[in-house]
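Accompanying notes for the structure given below.
In this text the structure is predicted, and so the values were computed from the model without any measurement.
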Amino acid sequence: MSGSSARQRAIEAVNIYSPTAEPLNFAETPAGELFGSNVFSTKVMKIRLPKEIYKSVLATVDEGAKLDSSVADVVASAMKDWAIEKGATHYTHVFYPLTGSTAEKHDSFLTPDGAGGALSEFSGQQLIQGEPDASSFPSGGLRATFEARGYTAWDVTSPAYILENPNGTTLCIPTAFISWTGEALDKKTPVLRSMQALDIHANRILSLFGHDEIGRVRSTAGPEQEYFLVDRNFYYARPDLLNAGRTLFGAPSPKGQEFDDHYFGAIPERVLAFMLECERELFKLGIPIKTRHNEVAPGQYEIAPVFENSNIATDHQQLIMTTLSRIANKSGMSCLTHEKPFAGINGSGKHVNFSLGNSTQGNLLDPGETPHANAQFLVFCAALIRGVDLHAPLLRAVVASAGNDHRLGANEAPPAIISIFLGDQLTDVFEQIKSGGARSSKKSGTLTVGVDVLPPLPKDAGDRNRTSPFAFTGNRFEFRAVASNQSIAGPLVAMNTIVAESLDYCATELEKATKGDPKKLNAAVQKLLKDIINKHGRVIFNGDGYSEEWHAEAATRGLPNLTTTVDALPVLTSKEVVSLFGKYKVLSKRELGSRLEVYLEQYCMTVTVEANLVVEMGKTIIYPSAMRYQSELAAAAANLKDAGVDADLSVLKEITDLTKGLLSSLAALEKTMASEHGSMLSEAKHACKKILPAMLKVREHADALEGLVADDLWLLPTYQEMLFIK
């Protein structure tokens with residue numbers, strides 16, 4: 001039995017585990033009744049608002065009409081009454097600063113009435129606008145420390161909701177966060193701007209195809225969230241997990257994921273109870289959770305919702321991460337959303353399924369049964385191919401982070417090279433177009449299993465590809481390179497904007513070619529599609545993205561390979577990106593510059609924190625453990641010698657050499673950390689090229705020592721324990 005008290009407590013927690021919440025009677029409270037019960041939805045508004053006010057709000061939500069500020073007082077009053085009925089005493093404007101986390105400031109509904117009592121008040125002005133301090137959030141130079149004013153602005157398109165706490169509830173109002181100068185300080189504002197641009201140019205394409213009634217075109221997203229769970233006793237005994245979200249030391253477990261037995265395996269009872277409680281809370285918030293399962297690595301899991309409007313999906317994704325963390329703590333575990341919390345096994349991503357559509361034409365990336373004859377779909381698909389090829393560096397930049405660098409390019413995640421997987425059916429269609437015109441589509445078939453009691457199964461026209469960073473999966477594209485710990489806002493802003501630009505290009509070309517004559521449309525479409533596939537078909541790759549051969553081939557195709565965050569982030573202020581975002585009024589040059597500065601600083605701070613932890617843990621935990629064992633071995637050898645017995649000193653020598661190496665590598669790391677640099681970019685390059693390799697040298701010695709030092713002297717919970725004790 002191990003001597004580590006953290007291990008003992010974790011084992012005991014598993015052995016005596018019982019659910020923390022009262023079991024829910026599902027027959028009494030069906031999920032359908034639970035769903036959205038804490039959301040100030042359009043359904044609730046229809047009941048509580050006067051008819052004309054409701055119509056005005058609905059026009060903004062559904063059609064993107066300009067918000068009529070005169071309705072705010074009525075909405076605020078109804079929202080306050082609804083919230084108070086649900087136990088709320090406070091409200092908060094929830095916003096999403098450039099930290100990537102959720103921010104909120106709570107204010108009470110109560111106002112003194114001057115006669116010793118209090119009134120519950122919530123005005124339209126309080127609903128529409130808040131004023132948090134803008135100087136204390138990262139702004140990349142958009143706000144100086146002495147310039148504090150910033151505003152939150154009510155986003156009526158994302159519904160308000162009630163957040164429950166054992167001691168009360170709070171009304172939460174999703175908002176944008178902008179500076180006194182009107183510049184975006186947050187993740188939400190660019191999402192809304194990019195969706196507006198996408199709608200404008202998608203409408204032009206649909207008009208060309210003869211549609212008179214065109215609903216507002218929105219992008220939709222369905223992000224799959226991967227995460228690890230570890231017992232909280234282990235978490236608090238690991239300073240690296242507590243402060244950095246990943247293990248900076250740790251020898252491989254004797255068993256890892258090589259048996260593939262964890263993937264889609266039976267979910268442990270304690271974990272399943274956690275999942276059920278998470279889903280219950282998320283259902284109340286109107287978040288359409290669909291899937292839960294074990295992931296590839298031991299201790300790794302996934303939760304996934306169905307598609308939603310991208311803006312709402314972004315807000316909901318933040319709530320999912322917050323809820324996972326909160327319920328994990330309640331269940332005696334900690335939820336790790338870092339991209340690579342454990343070396344040597346799969347890390348975590350956040351695959352963002354992306355499409356676009358509206359209420360009148362449906363999903364615009366649905367190819368139908370005969371995609372070769374579906375010209376409208378082919379134009380939207382070709383526009384996306386063109387956008388990804390032209391702006392691949394931007395797509396790489398918006399998923400760049402210190403954590404994702406540990407994941408991208410390994411044999412578990414797509415490479416840093418951005419390519420598109422189309423599948424056999426669509427690739428064949430576009431090859432036909434390239435050769436002069438598409439006349440057929442590969443058919444989906446039926447899969448006969450060969451067992452009489454099993455039914456024939458419908459077989460898709462093409463396979464899937466898990467090694468592609470941008471894969472077509474039937475009626476959507478899956479952006480697999482997104483990091484598990486980041487907001488999906490940045491990737492969605494990039495995808496919305498590059499698609500808007502490509503649709504703008506396609507619409508302009510078709511408008512010029514047809515000159516208003518619909519009879520000329522077919523020929524114009526065929527020419528457009530052929531031009532796009534000839535110029536941008538290089539980005540299509542259906543093979544193994546993990547292979548060395550693909551890296552070599554991608555280079556010959558001229559595809560960029562930005563392997564690290566430091567390589568990728570400067571793209572944000574490149575001439576092409578500044579022009580793209582400026583043209584569609586998504587982000588200004590100053591706003592892009594601010595994001596580059598913020599993200600470089602976050603990268604440097606992340607590596608600095610990790611390096612400080614390596615030094616601290618190396619000196620105060622690992623070195624003392626090694627020295628104690630070295631002393632035990634030396635004392636045992638001396639005793640044997642006194643007894644006239646020859647002692648084998650090989651382990652003592654190995655421990656001594658590794659301990660010297662540990663101290664030497666720690667000294668080298670500290671020297672590297674002490675170097676001074678000029679710009680934030682040069683500091684980030686130093687962190688990437690010098691500090692991270694120096695940290696790995698320390699780890700080599702520490703992990704080797706873990707395999708030699710007596711178990712009762714090793715204080716850090718091991719991979720074997722953290723991954724398998726659930």
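Nearest heavy atom pair, residue Glu610 against residue Ala244, reads CG-CB, 3.9 Å. Counting all heavy atoms, side chain and backbone alike, Asn404 lies closest to Val482 at ND2-C, 4.3 Å. Taking all atoms of both residues into account, the shortest heavy-atom contact from Ser355 to Arg476 is CB-CB, 4.0 Å. Taking all atoms of both residues into account, the shortest heavy-atom contact from Ala160 to Pro174 is CA-CD, 3.9 Å. For the residue pair Gly286 and Glu308, the shortest heavy atom distance occurs at O-OE2, 4.1 Å. Contact detail for Leu492 and Thr314: the closest heavy-atom pair is CD1-OG1, 3.3 Å.
A donor atom on one side chain and an acceptor atom on the other are found under 3.5 Å apart for Gln300 and Ser348. Remark: the Thr152 side chain and the His93 side chain contain an N/O donor-acceptor pair separated by less than 3.5 Å. Asp186 and Thr189 form a side-chain donor-acceptor contact under 3.5 Å, judged by distance and modelled atom types alone. With 3.5 Å as the limit, one finds a donor-acceptor pair spanning the side chains of Asn38 and Glu164. Donor-acceptor pairing under 3.5 Å is recorded for the side chains of Thr247 and Tyr719.
Using a 4.0 Å cut-off between charged side-chain N and carboxylate O, Arg628 and Asp712 make no salt bridge. The pair Arg48-Glu85 counts as a salt bridge, with a side-chain nitrogen and a carboxylate oxygen less than 4.0 angstrom apart. Arg280 has no carboxylate O lying under 4.0 Å from a charged side-chain N of Glu277, or vice versa, which leaves the two without a salt bridge. In summary, Arg699 and Asp240 do not engage in a salt bridge, as defined by a charged side-chain N under 4.0 Å from a carboxylate O.
Inter-residue side-chain proximity for Leu163 and Leu285 is flagged as met; some heavy-atom pair is nearer than 4.5 Å. Contact annotation: the side chain of Leu127 never approaches that of Lys80 to less than 4.5 Å [non-hydrogen atoms, C-beta and beyond]. The closest side-chain heavy-atom distance from Leu34 to Lys284 is below 4.5 Å. Looking only at side-chain heavy atoms (C-beta outward), Ser487 and Tyr96 stay at 4.5 Å or farther from each other. Looking only at side-chain heavy atoms (C-beta outward), Asn294 and Val271 stay at 4.5 Å or farther from each other. Using a 4.5 Å heavy-atom threshold, the side chains of Glu302 and Glu295 count as touching. The shortest distance between side-chain heavy atoms of Asp261 and Pro298 does not fall below 4.5 Å. Between Phe479 and Ile488, every side-chain heavy-atom pair lies at or beyond the 4.5 Å cut-off.
Within the model, atoms CG of Asn485 and NZ of Lys340 stand 15.0 Å from one another, a figure rounded to the nearest 0.5 Å. To the nearest 0.5 Å, atom CZ of residue Arg238 and atom CE of residue Met722 are 4.0 Å apart. Interatomic distance, Gln126 CD to Phe109 CZ, rounded to the nearest 0.5 Å: 9.0 Å. Within the model, atoms OG1 of Thr157 and CG of Asn311 stand 4.5 Å from one another, a figure rounded to the nearest 0.5 Å. Rounding to the nearest 0.5 angstrom, the gap separating the CH2 atom in Trp154 from the CE atom in Met79 is 5.5 Å. Thr565 OG1 to His406 NE2: the interatomic distance, rounded to the nearest 0.5 Å, is 9.0 Å.
Within a 6.0 Å radius of CZ in Phe35, more than 12 heavy atoms belonging to other residues, nucleotides or ligands are found.
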message = With side chain to side chain contact (heavy atoms under 4.5 Å, CB included) as the criterion, how do Thr323 and Ile287 come out once you've worked through the C-alpha distance, each side chain's angles and the decisive distance to 0.1 Å?
response = CA-CA 11 Å; Thr323 304; Ile287 301 175; 6.0 Å; no
request  = Please assess Glu104 against Thr170 for the test side chain to side chain contact (heavy atoms under 4.5 Å, CB included), listing each intermediate value before the final yes or no.
outcome  = CA-CA 11 Å; Glu104 52 193 48; Thr170 303; over 6 Å; no
inquiry  = Pair Gln318, Lys187 - check side-chain hydrogen bond (donor to acceptor under 3.5 Å, both in side chains), show working.
reply    = CA-CA 11 Å; Gln318 295 292 124; Lys187 302 278 189 180; over 6 Å; no
message = Would Met495 and Phe470 count as a side chain to side chain contact (heavy atoms under 4.5 Å, CB included) here? Give the steps.
response = CA-CA 11 Å; Met495 288 188 281; Phe470 213 94; 3.8 Å; yes
message = Assess the residue pair Phe234 and Glu721 against the criterion (side chain to side chain contact (heavy atoms under 4.5 Å, CB included)); give the C-alpha distance rounded to whole Å, side-chain angles, the decisive distance to 0.1 Å, and a yes or no.
response = CA-CA 8 Å; Phe234 293 148; Glu721 294 158 344; 3.7 Å; yes
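A donor-acceptor contact shorter than 3.5 Å is absent between the side chain of Ser219 and the backbone of Ser310. Side chain of Gln486 to main chain of Val398: a donor-acceptor pair is present (N/O by atom type, distance under 3.5 Å, no hydrogens or angles). At least one donor-acceptor pair closer than 3.5 Å links the side chain of Lys726 to the backbone N or O of Leu229. Put simply, the side chain of Glu258 gets close to the backbone of Gly256: a donor and an acceptor are under 3.5 Å apart. Side chain of Asn309 to main chain of Thr220: no donor-acceptor pair is present (N/O by atom type, distance under 3.5 Å, no hydrogens or angles). Using modelled atom types, no side-chain atom of Thr175 and backbone atom of Asp155 make a donor-acceptor pair closer than 3.5 Å. The closest donor-acceptor contact from the side chain of Thr169 to the backbone of Lys86 lies under 3.5 Å.
By the 30° and 60° cut-offs, the orientation of the rings of Phe95 relative to Phe177 is tilted. The aromatic rings of Tyr301 and Tyr227 sit tilted, their planes meeting at an angle between 30° and 60°. Taking the six-membered ring where the residue is Trp, Phe264 and His293 present parallel rings, their angle staying beneath 30° rather than reaching 60°.
Every residue two or more places apart in sequence or in another chain was checked for a side-chain contact (heavy atoms from CB on, under 4.5 Å) with Thr89, and none qualifies. Among residues two or more places apart in sequence or in another chain, the side-chain contact (heavy atoms from CB on, under 4.5 Å) test is passed with Tyr235 by Val230, Leu241, Leu242, Ser334, Leu336. Under the rule for a side-chain contact (heavy atoms from CB on, under 4.5 Å), the partners of Ser108 that lie at least two apart in sequence or sit in another chain are His90, Leu110.
Evaluated for a side-chain contact (heavy atoms from CB on, under 4.5 Å) with Lys350, the options Glu339, Arg480, Met321 yield exactly one hit, Met321.
Outside the 6.0 Å centre-distance limit, the rings of Phe477 and Phe354 are not counted as a close aromatic pair.
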